Amino acid sequence: MEHRYEPSQIEPRWQAVWEAERTWEVSNDAAAGEGETSYVLEMLPYPSGEPHIGHLKVYSVGDAVAHFQRRNGRTVLHPMGYDAFGLPAENHAIRTGVHPRDSTAASIASFQRQFREWGVSIDWSREFGTHEPRYYRWTQWIFLQLYENGLAYRKDAAVNWCPVDATVLANEQVVDGHCERCGSEVELRQLEQWFFKITDYADRLLDDLETIEWPAHVKTMQRNWIGRSQGAQVTFRCEDLDPADPIDYPVFTTRPDTLFGATFFVMAPEHPDVVRLAEGTGNEAAVREYVDRALTGDKEARGDAEREKTGVPLGRTVTNPVNGERIPMYVADYVLMEYGTGAIMAVPGHDERDHAFATAYGLPIRRVVSGPDGETGPLDEEPYVGDGALVNSHADFDGMPNREALDAITAWLDREGKGHASVNYRLRDWLLSRQRYWGCPIPIVHCDACGVVPVPEADLPVVLPDVEDYAPKGRSPLAAAEDWVRTPCPACGADARRETDTMDTFVDSSWYFLRYCDAGNDDAAWDPEVLHRWMPVDQYIGGVEHAILHLMYARFFCKALADLGHLDVQEPFARLFTQGMITKDGAKMSKNKGNVVSPGSIVASHGADTARCYILFIGPPDQDADWSDEGVEGVHRFLGRLWRLSRGAAEGTANERVPANLSDDDLVLMRKAHWAIDKVTADMSGRFAFNTAIAAVMELTNECSRSVNEPGVQVAPGVLRFALSTAASLLFPFAPHVGADAYDLLTGRRVWEEPWPVADPAFLQEDTFELVCQVSGKVRDRVTVPASASEEELLAAARSAPNVVTHLEGKTVVKEIVVPGKLVNIVAR
RNA sequence: GCCCGGAUGGUGGAACGGUAGACACGGCGCCCUCAAAAGGCGCUGUCCCUCGGGACGUGUGGGUUCGAAUCCCACUCCGGGCACCA
């Protein structure tokens with residue numbers, strides 16, 4: 001064993017081969033052929049600084065899958081790109097003055113270099129950054145497609161405004177009332193903004209979750225985010241202002257069965273009628289004050305369910321449509337303008353919030369649903385939110401189970417024209433415009449005469465101009481590029497102005513997986529026929545932090561574009577795998593904590609194979625895992641051992657085939673090899689059990705080592721070569737350089753051109769096995785028996801096992817259980 | 001509060017209802033060496049032992065079963081998501 005395992009000698013050599021031969025490129029023509037295709041995709045990186053350990057993990061997982069699919073005969077699309085627009089690069093530019101294009105280019109160069117150093121099998125011919133005009137030209141084209149079909153629109157709206165980043169944020173980017181990026185408190189501003197009509201797709205986004213193989217928790221998160229509620233819209237009429245001209249206020253409720261229990265009516269402070277209603281009632285000043293406070297107050301505090309309920313009476317009443325009762329109107333900040341109609345009927349007997357409000361303001365609490373044991377007593381202490389029979393309602397409904405009454409009352413409302421069944425969603429339309437520089441320009445022109453005019457397709461891309469000053473000022477920095485902004489109206493030719501807002505970067509990443517399929521197409525975003533060959537993505541891999549935003553948006557784009565006839569799949573990602581985080585000392589890695597492990601330094605000290613293999617060996621890839629430097633050493637030792645054994649066998653033994661007659665020692669090693677093939681294949685087929693797959697290759701390698709080093713053990717050269725080359729072949733998806741090198745040393749062939757090995761069933765069967773002998777469920781002995789033994793023979797063997805005999809002494813056998821191939825359990829008393 | 005996960009040796013983790021702890025780390029011992037590094041071999045859940053074995057052991061308490069880390073019920077702790085959504 002005089003040879004040392006030197007990754008720095010091995011890895012660049014194979015990388016050079018793959019680079020020179022463009023090994024991982026696939027043509028779209030190849031995809032049109034007979035064979036099966038597979039689209040394996042990891043979420044594209046955001047190029048900021050250097051790749052971190054999370055990148056190493058996601059691409060190690062994805063590459064293992066890609067290699068496994070290739071060697072199982074599929075034509076695999078495994079591309080790479082960069083999500084290059086975005087705030088971090090722009091904020092960096094504001095601090096340093098370096099143009100985002102330059103800092104982004106530097107970062108991309110670093111990613112490119114490291115991906116090659118890691119030996120990731122990428123089809124580089126399809127690479128792009130979302131900030132390149134040749135890409136965002138088509139992002140703009142998609143925007144226009146959506147605009148022309150009513151799926152992109154402008155609306156003056158109360159929007160989330162981040163004062164530090166000086167831009168609006170999508171609902172999804174506000175976390176607990178704070179900016180997802182910079183953490184500052186989000187304000188509400190009234191601004192005209194661009195939206196995508198994702199709410200049109202709420203039902204389909206919900207229903208089609210059934211058709212895809214995604215982790216259950218991700219589906220749940222999406223369902224919660226869509227937040228579909230079924231109920232009824234019910235009209236309450238206010239005749240207080242002018243009886244001749246009543247105003248109808250619809251409310252949404254999921255509990256129309258409790259309509260008879262409505263004892264007051266509440267409007268959101270943002271409701272446009274609140275102040276008008278209070279005028280001339282003596283409550284006007286109090287209402288104004290309350291509304292002002294609600295609108296300027298802390299948005300986060302307002303959202304807290306634990307907060308005490310406050311509100312002010314409007315001095316008006318509305319009529320409950322089911323019983324004609326006039327109930328008082330209130331304004332209260334626990335009612336939200338964004339959800340439903342901005343007004344609610346309050347049923348304090350059967351709703352927690354209404355109960356709290358009624359208690360605080362001394363409003364009547366009426367029971368209209370009986371309790372589980374038929375209770376009909378008062379509900380002064382707490383509301384009853386469960387099911388039961390209706391009471392105190394109306395002769396037509398009293399006694400009816402509330403679920404039935406819900407439908408009956410809804411039907412009655414419908415007949416009377418006072419309401420109808422209705423569905424509400426928590427999901428809001430996607431606010432996509434940003435008052436920032438480093439993003440995709442929105443291809444729209446504003447003309448005084450013609451209004452909003454889309455840029456003609458032939459004029460795309462609208463290229464992002466250079467500016468000097470990126471600092472946010474509450475309007476897009478693009479507004480300063482006056483030569484760029486001033487443009488003739490595409491419709492009438494008059495002087496007009498370009499839209500200066502840019503798109504949310506999530507727009508860029510909502511369709512990149514489509515562009516990979518036909519990345520070189522200069523005539524269209526893609527050829528639908530080519531897309532058909534690859535889509536949907538068979539296996540998508542990424543972090544769970546994208547469970548809602550990116551994955552919801554991409555699904556929406558896919559459905560919208562499919563509706564417009566541009567592609568023929570409804571779901572972009574057939575299977576999703578979310579990988580866990582790598583922590584250090586139990587904490588998330590961060591520069592502040594100083595616990596960052598950089599992939600670059602591990603690759604430099606131990607090689608890419610060690611880094612990749614370790615990160616897969618550390619534990620199940622969907623779980624979080626803690627980085628350990630000692631663990632890295634262990635994996636490095638294992639790779640070194642396999643490589644040295646291979647080198648030793650290649651140089652020290654003749655290149656022979658596996659002989660026809662096998663000695664006992666040969667048989668042991670052959671069985672181990674086939675066992676490993678079977679194990680690794682199973683671990684990679686059904687699930688992503690890379691940790692146990694690597695452990696199996698370790699076992700095989702240890703067996704090879706024993707057969708070489710253990711005195712008295714003799715294996716035929718052909719058998720040793722077979723076992724070692726099998727180990728190299730199985731290891732290749734995780735550690736491609738060592739795998740390729742060892743396989744080449746032993747066989748002279750290229751492992752990536754070899755089909756995935758198949759286990760020979762003949763070697764998976766043993767002649768004998770160790771029978772576990774239990775007495776009353778406890779293991780008392782083990783005996784070696786022939787695999788062919790009958791149940792009677794197994795029982796006899798167990799009964800005569802020495803330690804079983806001891807434990808059966810003086811006892812009566814009650815029952816005997818035989819599990820063939822495993823154990824015998826003799827129950828005795 | 002609601003909805004998901006999870007809890008196994010000193011550590012990371014293995015275990016179709018059938019031998020708990022694969023594989024690896026760490027530790028201990030030995031071989032090789034003038035020595036070290038590298039490498040190789042062995043032992044390593046806890047306790048008891050007459051060295052044959054025995055008892056205990058998968059967060060806690062129950063249950064189902066010949067047999068439970070695994071299934072069921074209740075609970076504790078940890079992680080994640082949602083949370084005034086009518």
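Just so it is clear, the model here is predicted, and its values are computed rather than measured. Because only heavy atoms are used, hydrogens play no part in the values below, and waters and symmetry mates are left out as well, while side chains stay in. Chain A is the first sequence line, chain B the second, and so forth, proteins listed ahead of strands; every chain is numbered from 1.
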[N] and [M]: how far apart are their [atom1] atoms, nearest whole angstrom?
{"N": "B:G57", "M": "B:C47", "atom1": "P", "result": "15 Å"}
{"N": "B:C77", "M": "B:A22", "atom1": "P", "result": "32 Å"}
{"N": "B:C25", "M": "B:G62", "atom1": "P", "result": "39 Å"}
{"N": "B:U11", "M": "B:G59", "atom1": "P", "result": "13 Å"}
{"N": "B:G45", "M": "B:A20", "atom1": "P", "result": "14 Å"}
{"N": "B:C30", "M": "B:A14", "atom1": "C1'", "result": "29 Å"}
{"N": "B:C56", "M": "B:C23", "atom1": "C1'", "result": "26 Å"}
{"N": "B:G10", "M": "B:G63", "atom1": "C1'", "result": "34 Å"}

For [N], which nucleotide in any strand shown is its Watson-Crick or wobble partner with both distances under 3.5 Å?
{"N": "B:A74", "result": "B:U60"}
{"N": "B:G29", "result": "B:C41"}
{"N": "B:G21", "result": "none"}
{"N": "B:A68", "result": "none"}
{"N": "B:G79", "result": "B:C4"}
{"N": "B:A55", "result": "B:U46"}

Between [X] ([atom1]) and [N] ([atom2]), how many Å, whole number?
{"X": "A:His217", "N": "B:G6", "atom1": "NE2", "atom2": "C1'", "result": "13 Å"}
{"X": "A:Gln222", "N": "B:C4", "atom1": "CD", "atom2": "P", "result": "18 Å"}
{"X": "A:Gln623", "N": "B:A14", "atom1": "CD", "atom2": "C1'", "result": "12 Å"}
{"X": "A:Asn691", "N": "B:G13", "atom1": "CG", "atom2": "C1'", "result": "7 Å"}
{"X": "A:Lys822", "N": "B:A15", "atom1": "NZ", "atom2": "P", "result": "13 Å"}
{"X": "A:His636", "N": "B:A38", "atom1": "NE2", "atom2": "C1'", "result": "11 Å"}
{"X": "A:Glu791", "N": "B:C66", "atom1": "CD", "atom2": "P", "result": "17 Å"}
{"X": "A:Arg782", "N": "B:G53", "atom1": "CZ", "atom2": "C1'", "result": "13 Å"}

Anything under 30° is parallel, anything over 60° is perpendicular, the rest tilted; go ahead and classify A:Tyr249 against A:Phe265.
-> tilted
What is the ring orientation for A:His636 with A:Tyr5, classed by angle as parallel under 30°, tilted 30 to 60°, or perpendicular over 60°?
-> tilted
Evaluate the criterion salt bridge (charged side-chain N to carboxylate O under 4.0 Å, His left out) for residue pair A:Asp203 and A:Arg228; output intermediate values, then yes/no.
-> CA-CA 8 Å; A:Asp203 267 327; A:Arg228 183 188 148 105; 2.5 Å; yes
With sugar-phosphate taken as primed atoms, P, OP1 and OP2 and all else as base, the protein-contact string of nucleotides 81-86 of chain B at under 4.0 Å (heavy atoms; B, S, -) is SSSBBB
Expected string for nucleotides 24-29 of chain B under the B/S/- scheme (protein heavy atoms, under 4.0 Å, primed atoms plus P, OP1, OP2 as sugar-phosphate) is SSS---
Using a 4.0 Å heavy-atom cut-off, does [X] contact any base of the nucleic acid, only the sugar-phosphate backbone, or nothing at all?
{"X": "A:Glu352", "result": "nothing"}
{"X": "A:Val819", "result": "base"}
{"X": "A:Arg223", "result": "nothing"}
{"X": "A:His807", "result": "sugar-phosphate"}
{"X": "A:Pro620", "result": "sugar-phosphate"}
{"X": "A:Leu823", "result": "base"}

For [N], does OP1 or OP2 lie under 4.0 Å from any side-chain N or O of [X]?
{"X": "A:Lys815", "N": "B:C66", "value": "yes"}
{"X": "A:Ser705", "N": "B:C41", "value": "yes"}
{"X": "A:Arg780", "N": "B:G54", "value": "yes"}
{"X": "A:Lys778", "N": "B:C56", "value": "yes"}
{"X": "A:Asn803", "N": "B:G53", "value": "no"}

Aromatic ring centroids of A:Phe577 and A:Phe688 under 6.0 Å?
-> yes
Please confirm whether A:Phe264 and A:Phe357 have ring centers closer than 6.0 angstrom.
-> yes
Salt bridge (charged side-chain N to carboxylate O under 4.0 Å, His left out) evaluation trace for A:Glu651 with A:Arg644 = CA-CA 10 Å; A:Glu651 292 179 352; A:Arg644 278 193 312 277; over 6 Å; no
Syn/anti state for B:G52 [syn: chi within 90° of 0] = syn
Which way is the base of B:G9 turned, syn or anti, if we draw the line at 90° from 0?
-> syn
Can you confirm whether [X] sits close enough to [Y] that some side-chain heavy atom of one is under 4.5 Å from a side-chain heavy atom of the other?
{"X": "A:Ile817", "Y": "A:Val824", "answer": "no"}
{"X": "A:Met684", "Y": "A:Val680", "answer": "yes"}
{"X": "A:Arg641", "Y": "A:Asn702", "answer": "yes"}

Among the candidates [options], find the nucleotide nearest to the side-chain atoms of [X].
{"X": "A:Asn709", "options": "B:G40, B:C66, B:G13", "result": "B:G40"}
{"X": "A:Arg687", "options": "B:A20, B:C66, B:A15", "result": "B:A15"}
{"X": "A:Ala695", "options": "B:C23, B:G18, B:A14", "result": "B:C23"}

Please say whether more than 12 non-hydrogen atoms of neighbouring residues, nucleotides or ligands are located less than 6.0 Å from CD in A:Glu6.
-> yes
Donor + acceptor pair across side chains of A:Asn402, A:Asp257 (<3.5 Å) = yes
Just do the side-chain contact (heavy atoms from CB on, under 4.5 Å) check on A:Arg255 and A:Val347 with the steps written out, would you?
-> CA-CA 9 Å; A:Arg255 296 292 304 275; A:Val347 183; over 6 Å; no
Result of checking A:His546, A:Met221, A:Gln222 against A:Met552 for side-chain contact (heavy atoms from CB on, under 4.5 Å) | A:Gln222
